[in-house]
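Single-structure report; data block below.
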Amino acid sequence: MRILVCISQVPDTSTKIVLKNNNTSVNSDGITWVINPYDEWYALIRAIELKESGIAADVHLVTVGKADVEPVIRKALALGGDEAIRIDADSNDPYEIAHHIAEYAAGAGYDIILCGKESIDYNNGTTGAMLAELLDIDYIGFATGIQIEADTAVVTREIEGGEETDSCNLPLVISCQKGVAEARIPNMRGIMAARTRPLKVITPSKITAVTEILSYELPPAKTGIKLVSPDNLDELVELLHTEAKVI
């Protein structure tokens, strides 16, 4: 069994975001880039667990980006990936990204393609479903558990008010979220090996993006905190009513 894990690069949540060009783009200077947590903690780690259990033979990693994403994909290699592929394109359009990955994955013989349920920068949550459609294979989203039985995946996923369990033949695209796997950190041996492991770079075909970002807007600045004595519940109620307007 061969697994492909989709990896995306996102700003660390502690990074201060600064806009430029009249709020039409993000200033990348000083940003700390990390693997998208849903891709790393859940999709990638579950793939590695399946390999460690003997179910999967290979875990390949794919990312869409220019040369600056290579440190992130090498960290994914350090966690336990066998081979990394960088598709040499720069895009924030989920359809374009899905198209590039599908172009690479078509005919490559992957049994399972895993991705995070969404990236924490744009929060679209659509790339996995688009990828499955482009490859003409089935898709299950928001997985909290993945088990493999022969050529069938048994997937637990969240639904409104509970969970459901689905069974689907492979090949299959699955988007992952909390519950699929337990996060881990790379060890020194993995880090050293990832530094010298070859990184395959692919030039994609031209594809027209279907969406574009017109502008960004930062959230309003947080206001000061007002402290209320626990003995003065009347004041607390009044503030919740007149200022916070939550009651």
Side-chain angles (χ1 to χ4, degrees), residues 1-10 33 35-36 38-40 42-48 50-51 55-119 121-122 124-141 143 146 148 151 153 168-176 194 197-211:
M1 176 179 291
R2 305 179 74 223
I3 300 177
L4 179 66
V5 181
C6 304
I7 300 293
S8 57
Q9 174 177 270
V10 297
W33 299 100
I35 305 174
N36 179 48
Y38 291 108
D39 300 340
E40 176 185 358
Y42 309 122
L44 174 56
I45 299 306
R46 185 60 186 134
I48 293 170
L50 291 172
K51 178 186 173 182
I55 294 175
D58 296 300
V59 173
H60 290 184
L61 316 170
V62 63
T63 190
V64 177
K66 306 304 276 187
D68 63 318
V69 306
E70 292 190 5
V72 163
I73 198 72
R74 289 200 179 278
K75 181 187 176 184
L77 277 173
L79 282 163
D82 297 301
E83 181 177 322
I85 301 95
R86 177 173 69 83
I87 300 175
D88 190 30
D90 185 17
S91 177
N92 53 32
D93 174 51
Y95 174 76
E96 186 176 0
I97 292 169
H99 188 280
H100 290 326
I101 296 174
E103 185 178 47
Y104 161 73
Y110 292 110
D111 300 285
I112 303 175
I113 300 177
L114 299 179
C115 60
K117 73 167 186 175
E118 63 184 359
S119 62
D121 49 3
Y122 296 107
N124 287 310
T126 57
T127 302
M130 290 182 180
L131 177 58
E133 176 66 20
L134 291 166
L135 291 171
D136 193 25
I137 60 178
D138 291 323
Y139 167 76
I140 299 177
I146 302 172
I148 305 300
D151 60 350
C168 187
N169 291 334
L170 305 179
L172 178 65
V173 178
I174 305 173
S175 72
C176 305
R197 197 168 297 174
L199 182 65
K200 185 177 181 180
V201 180
I202 296 175
T203 301
S205 63
K206 297 291 184 179
I207 178 70
T208 301
V210 297
T211 62

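- Thr63 places a side-chain N or O within donor-acceptor distance of the main-chain N or O of Ile7, the cut-off being under 3.5 Å.
- Considering CD1 of Ile3 and CG of Leu114, their distance stands at 6.0 Å, rounded to 0.5 Å.
- Judged by distance alone, with hydrogens and angles left aside, the side-chain atoms of Arg2 form no donor-acceptor pair with the main-chain N or O of Ala57 at under 3.5 Å.
- Taking 4.5 Å as the limit, every side-chain heavy atom of Val62 sits out of range of all side-chain heavy atoms of Val5.
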side-chain contact (heavy atoms from CB on, under 4.5 Å) for Leu77 and Arg74? Distances and angles first, verdict last. CA-CA 5 Å; Leu77 277 173; Arg74 289 200 179 278; 4.3 Å; yes
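- Of the inter-residue distances, the one linking Leu134 atom CG with Met130 atom CE reads 8.5 Å to the nearest 0.5 angstrom.
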Just do the side-chain contact (heavy atoms from CB on, under 4.5 Å) check on Val173 and Asp138 with the steps written out, would you? CA-CA 6 Å; Val173 178; Asp138 291 323; over 6 Å; no
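- Closest approach of Ile146 to Ala143, counting heavy atoms only: CG1-CB, 4.2 Å.
- Salt-bridge formation is not detected for the pair Arg197/Glu83: no Lys NZ or Arg NE/NH1/NH2 atom is positioned less than 4.0 Å from an Asp or Glu carboxylate oxygen.
- Under the 4.5 Å side-chain criterion, counting only non-hydrogen atoms from C-beta, His99 is in contact with Ser205.
- Atom-to-atom distance recorded for Leu4:CG and Cys6:SG is 5.0 Å, nearest 0.5 angstrom.
- The CD1 atom of Ile202 lies 5.0 Å from the NZ atom of Lys200; values are rounded to the nearest 0.5 Å.
- The aromatic rings of Tyr110 and Tyr104 sit tilted relative to each other, their planes meeting at an angle between 30° and 60°.
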Stepwise side-chain contact (heavy atoms from CB on, under 4.5 Å) test for Tyr139 and Ile174: CA-CA 6 Å; Tyr139 167 76; Ile174 305 173; over 6 Å; no
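- Inter-residue side-chain proximity for Leu61 and Ile73 is flagged as met; some heavy-atom pair is nearer than 4.5 Å.
- Residue Ala76 comes nearest to Ile35 through the heavy atom pair N-CD1, 3.8 Å, listed as atom of the first residue, atom of the second, then distance.
- At least one side-chain heavy atom of Tyr38 sits less than 4.5 Å from a side-chain heavy atom of Glu118.
- Listed for the Asp93 side chain is a donor-acceptor partner under 3.5 Å among the backbone atoms of Thr211.
- Distance CG/Asp111 to CG/Leu172: 10.5 Å, rounded to 0.5 Å.
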Take Val69 and Arg86 through the side-chain contact (heavy atoms from CB on, under 4.5 Å) test and state the conclusion after the steps. CA-CA 8 Å; Val69 306; Arg86 177 173 69 83; 3.5 Å; yes
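- Between the Asp82 side chain and the Val59 main chain, a donor and an acceptor come within less than 3.5 Å of each other.
- Note that SG of Cys176 is 11.5 Å distant from NZ of Lys117, once rounded to the nearest 0.5 Å.
- Nearest heavy-atom pair, His100 versus Ile87, reported as atom, atom and distance to 0.1 Å: O-CD1, 3.4 Å.
- When all heavy atoms of Ser91 and Ile97 are compared, the closest pair comes out as O-CD1, 3.6 Å.
- Judged by distance alone, the side chain of Asp88 and the main-chain N or O of Val201 form no donor-acceptor pair under 3.5 Å.
- For the pair Met1/Ile112, a side-chain contact is recorded, criterion being any heavy-atom separation below 4.5 Å from C-beta on.
- Of the N and O atoms on the side chains of Ser119 and Asn36, not one donor lies less than 3.5 Å from an acceptor on the other residue.
- Here the closest heavy-atom approach between residue Asp39 and residue Cys115 is recorded as OD1-C, 4.0 Å.
- Nearest heavy-atom pair, Ile137 versus Pro171, reported as atom, atom and distance to 0.1 Å: CG2-CG, 3.7 Å.
- Counting only distance, with no hydrogens or angles, the side chain of Gln9 and the backbone of Gly65 share no donor-acceptor pair below 3.5 Å.
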